[in-house]
Amino acid sequence: MGIEMIQKLQGQPSFSITVAPPSGRRPRPILRHGAETHLCLTDPLRVTYHYPVSYIRPGRKTASRVWVRDHEFIQVRTARRSETTPAYRIVSPDAERQPVEIVEFDNRLWWPIGGHNLAVPFFAALAAGDSSAVSLLGTSLVRTGKRVTTIDAVNAGRIVDDGRIKAAIDIQRAADDLLIVENQILMADGEPVYVLWNHRIDPKLTIRSCYDFIETLYGADIDFGYDDLTTALTFGTVFAPTELERLASLLRTVDADIARHATIEVSGIRKFGSDPLEVQTDAAFRKLLRLAAVPRRLPRAAAVEVRQKVTELQQAASASSTLVRARAMQAHLDWLELFPWLSSFHVEHRFLKHVIGNIREEGNRRGVFTPFTKFEPLTEEEDAIVGALAI
């Protein structure tokens, strides 16, 4: 969001400055659970979750989608406090709120889930299938439909889509992003960033065009264990932890009320520096994936083409380079503008045009290249992913 956009807004703009992890998921403390005293954190730990199954019941022609409850066991690595290195400290202006200590271990950054002595309650909540804990491993592991059944009931019909294997893989991958340090549970993430959020931004972009669609996927009764800051990362302006003066310089050009929620302190050598525009591009890409998953009523041939395009986006999600995701977003926009059923995708179309234009404008304001203007060579694997986008 550049100065020009700020000046176009009518009335007194109101801004807030918050701190976010690049994943957009800011973990909340997990409440204590009754079974926690029976846990030993060095043993394999139980995760109770749900996975989707589509099946055709006897005598029916159309498939029904249900959620099956299951469990998996994970092993979580541990470390001594002396093996970790302080990396960042997030301090709140509220003196009663404890600072958030982000540490380095095994060449990664780790964010705490709640305070100290909460590892046992967290894993007790995982064992019980508490959505506030399970969703931290992955939102796909939390049921989003009303109907839950047993696998025996599903086996009575013909299964056409079984999500169990994918869920089991997702759980094991998520376990690699957990760390226990002296009964504190931490989650791997990246360098914290400042996010400047304009509370008067066009609500059609942040509410109608995104929230309602995502609500269709997840429902209103899901208790996620984190604050989702993806919208702020996508539509706000992102700054590195060392760019507080640059942020202040921008705000001095406008007459604004500003609420500042936290300050980032760099505790040591800044080894994990991130590009703010890449952080914003990745956040926008994650939101695009969620929008693209919303079902639409389309002719069979069009539905097949849409599934192919969603698959291409999912392949780009696994790439290590943000450039791949930026090119996938641009390719998706180009495809949408030629798609005969564009009217069914007006939300995605408007969303992509806005975020790509927004990031380009911010790059111009900063005088730097953006992921949408860089032309760096890709690895052979990344080049293959990008090549598939043109099919």
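None of these values were measured; they are calculated from a predicted model.
- Closest heavy-atom contact between Pro371 and Leu323: O-CD2, 3.7 Å.
- Shown here is Arg366, whose CZ atom has more than 12 heavy atoms of other residues, nucleotides or ligands within 6.0 Å.
- Between Ser132 and Asp130, the shortest heavy-atom distance links the atoms OG-OD1, 2.8 Å.
- A salt bridge links Lys166 to Asp170: at least one charged side-chain nitrogen sits closer than 4.0 Å to a carboxylate oxygen.
- Side chain of Gln172 to backbone of Phe73: a donor-acceptor contact under 3.5 angstrom is found.
- More than 12 heavy atoms of other residues, nucleotides or ligands sit less than 6.0 Å from atom CZ of Arg270.
- The backbone N or O of Lys309 lies less than 3.5 Å from no partner atom in the side chain of Trp335, so there is not a single donor-acceptor pair.
- Phe105 and Val266 are members of different hydrophobic clusters when ILVMFWY side chains are connected at heavy-atom separations under 4.5 Å.
- Distance check, rounded to the nearest 0.5 Å: CZ of Arg246 to CG of Leu196 gives 13.5 Å.
- The shortest side-chain heavy-atom distance between His50 and Val68 does not fall under the 4.5 Å cut-off.
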Exercise. Apply salt bridge (charged side-chain N to carboxylate O under 4.0 Å, His left out) to the pair Arg173 and Asp177, showing each step before the final yes or no.
Key: CA-CA 7 Å; Arg173 286 177 176 170; Asp177 291 337; over 6 Å; no
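- Taking each heavy atom of Ala127 and Thr48 in turn, the nearest pair found is O-OG1, 2.6 Å.
- With hydrogens and angles disregarded, no donor-acceptor distance shorter than 3.5 Å links the side chain of Arg164 to the backbone of Tyr51.
- Using a 4.5 Å heavy-atom threshold, the side chains of Thr242 and Ile264 count as separate.
- Of the charged side-chain nitrogens involved, none lies within less than 4.0 Å of a carboxylate oxygen, so that Arg46 and Glu72 do not count as a salt-bridged pair.
- Put simply, the side chain of Gln75 does not reach to within 4.5 Å of the side chain of Leu45, judged on heavy atoms.
- Cluster annotation: Leu342 is connected to Ile356 through the hydrophobic network of ILVMFWY side chains, with a link wherever side-chain heavy atoms come within less than 4.5 Å.
- The shortest distance between side-chain heavy atoms of Met329 and Leu352 falls below 4.5 Å.
- Without hydrogens or angle criteria, Tyr194 side chain to Thr263 main chain gives no donor-acceptor distance under 3.5 Å.
- Proximity of a side-chain donor or acceptor of Glu191 to a complementary backbone N or O of Ser274 within less than 3.5 Å is detected.
- A salt bridge is defined here as a Lys NZ or Arg NE, NH1 or NH2 lying under 4.0 Å from an Asp or Glu carboxylate O, and Arg296 with Glu348 meets this definition.
- No continuous path of ILVMFWY side-chain contacts below 4.5 Å connects Leu126 to Ile169, so the two sit in separate hydrophobic clusters.
- Neither Ile102 nor Val195 shares a network with the other; the hydrophobic side chains, linked directly or stepwise wherever heavy atoms of I, L, V, M, F, W or Y lie under 4.5 Å apart, form separate groups for each.
- Interatomic distance, Leu136 CG to Met187 CE, rounded to the nearest 0.5 Å: 4.5 Å.
- Contact of the Leu109 side chain with the Val103 side chain is not registered, since no non-hydrogen atoms from C-beta on lie closer than 4.5 Å.
- Under a 4.0 Å N-O distance rule, the pair Asp189/Arg26 does not qualify as a salt bridge.
- At a threshold of 4.5 Å between side-chain heavy atoms, the hydrophobic network of Ile, Leu, Val, Met, Phe, Trp and Tyr places Val193 and Ile90 in two separate groups.
- Considering every non-hydrogen atom in both Ala303 and Leu298, the closest pair reads N-CB, 4.2 Å.
- In this structure, CD1 on Ile185 lies 9.0 Å from CH2 on Trp110, to the nearest 0.5 angstrom.
- For the pair Arg327 (side chain) and Ala316 (backbone), a donor-acceptor distance under 3.5 Å is absent.
- A distance-only check finds no donor-acceptor pair linking the side chain of Arg65 to the backbone of Ser54 [under 3.5 Å].
- To the nearest 0.5 Å, atom CG of residue Asn107 and atom OG1 of residue Thr85 are 10.5 Å apart.
- The CG atom of Leu277 sits 11.0 Å away from the CG atom of Asp282 when rounded to the nearest 0.5 Å.
- Phe122 places none of its side-chain heavy atoms less than 4.5 Å from the side chain of Asn183.
- Looking at every heavy atom in both residues, Tyr55 comes nearest to Ile159 through CB-CA, 3.9 Å.
- Side-chain atoms of Glu362 and Asn358 include no donor-acceptor pair closer than 3.5 Å.
- To the nearest 0.5 Å, atom CG of residue Leu178 and atom OG1 of residue Thr78 are 12.5 Å apart.
- Ring pair Phe235/His354 is tilted by interplanar angle, where 30° to 60° counts as tilted.
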Quiz item: When you look at Leu289 and Phe285, which way does the side chain to side chain contact (heavy atoms under 4.5 Å, CB included) test go after all the steps?
Solution: CA-CA 6 Å; Leu289 279 180; Phe285 184 85; 3.7 Å; yes
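- Across all their heavy atoms, Arg325 and Ala317 have their closest contact at NH1-O, 3.5 Å.
- Ring centers of Phe345 and Trp341: at least 6.0 Å apart, outside the cut-off.
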Practice problem: Could you walk me through whether Glu104 and Phe272 pass the side chain to side chain contact (heavy atoms under 4.5 Å, CB included) test, one step at a time? | Solution: CA-CA 10 Å; Glu104 178 192 350; Phe272 302 91; 3.8 Å; yes
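- Between Tyr88 and Glu265, the closest side-chain pair of non-hydrogen atoms is not below 4.5 Å.
- A distance-only check finds a donor-acceptor pair linking the side chain of Gln280 to the backbone of Thr234 [under 3.5 Å].
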Self-check item: Pair Asp228-Arg290, salt bridge (charged side-chain N to carboxylate O under 4.0 Å, His left out): steps then yes or no
Solution: CA-CA 13 Å; Asp228 190 350; Arg290 297 168 76 179; 3.0 Å; yes
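- A heavy-atom distance below 4.5 Å is not found between the side chains of Leu141 and Ser135.
- Counting only distance, with no hydrogens or angles, the side chain of Arg25 and the backbone of Asp227 share no donor-acceptor pair below 3.5 Å.
- Taking the charged nitrogens against the carboxylate oxygens, Asp106 and Arg77 do have a contact shorter than 4.0 Å, which makes a salt bridge.
- Evaluated for a side chain to side chain donor-acceptor pair (under 3.5 Å) with Glu312, the options Gln314, Gln315, Gln308 yield exactly one hit, Gln308.
- Within a 6.0 Å sphere centred on CZ of Arg80, other residues, nucleotides and ligands contribute 12 heavy atoms or fewer.
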Exercise. For the pair Asp161 and Val53, evaluate side chain to side chain contact (heavy atoms under 4.5 Å, CB included) and give the outcome as yes or no after the intermediate values.
Key: CA-CA 6 Å; Asp161 186 22; Val53 175; over 6 Å; no
Practice problem: Decide yes or no on side chain to side chain contact (heavy atoms under 4.5 Å, CB included) for Tyr226 and Ile113, but give the supporting numbers first. | Solution: CA-CA 9 Å; Tyr226 59 89; Ile113 299 176; over 6 Å; no
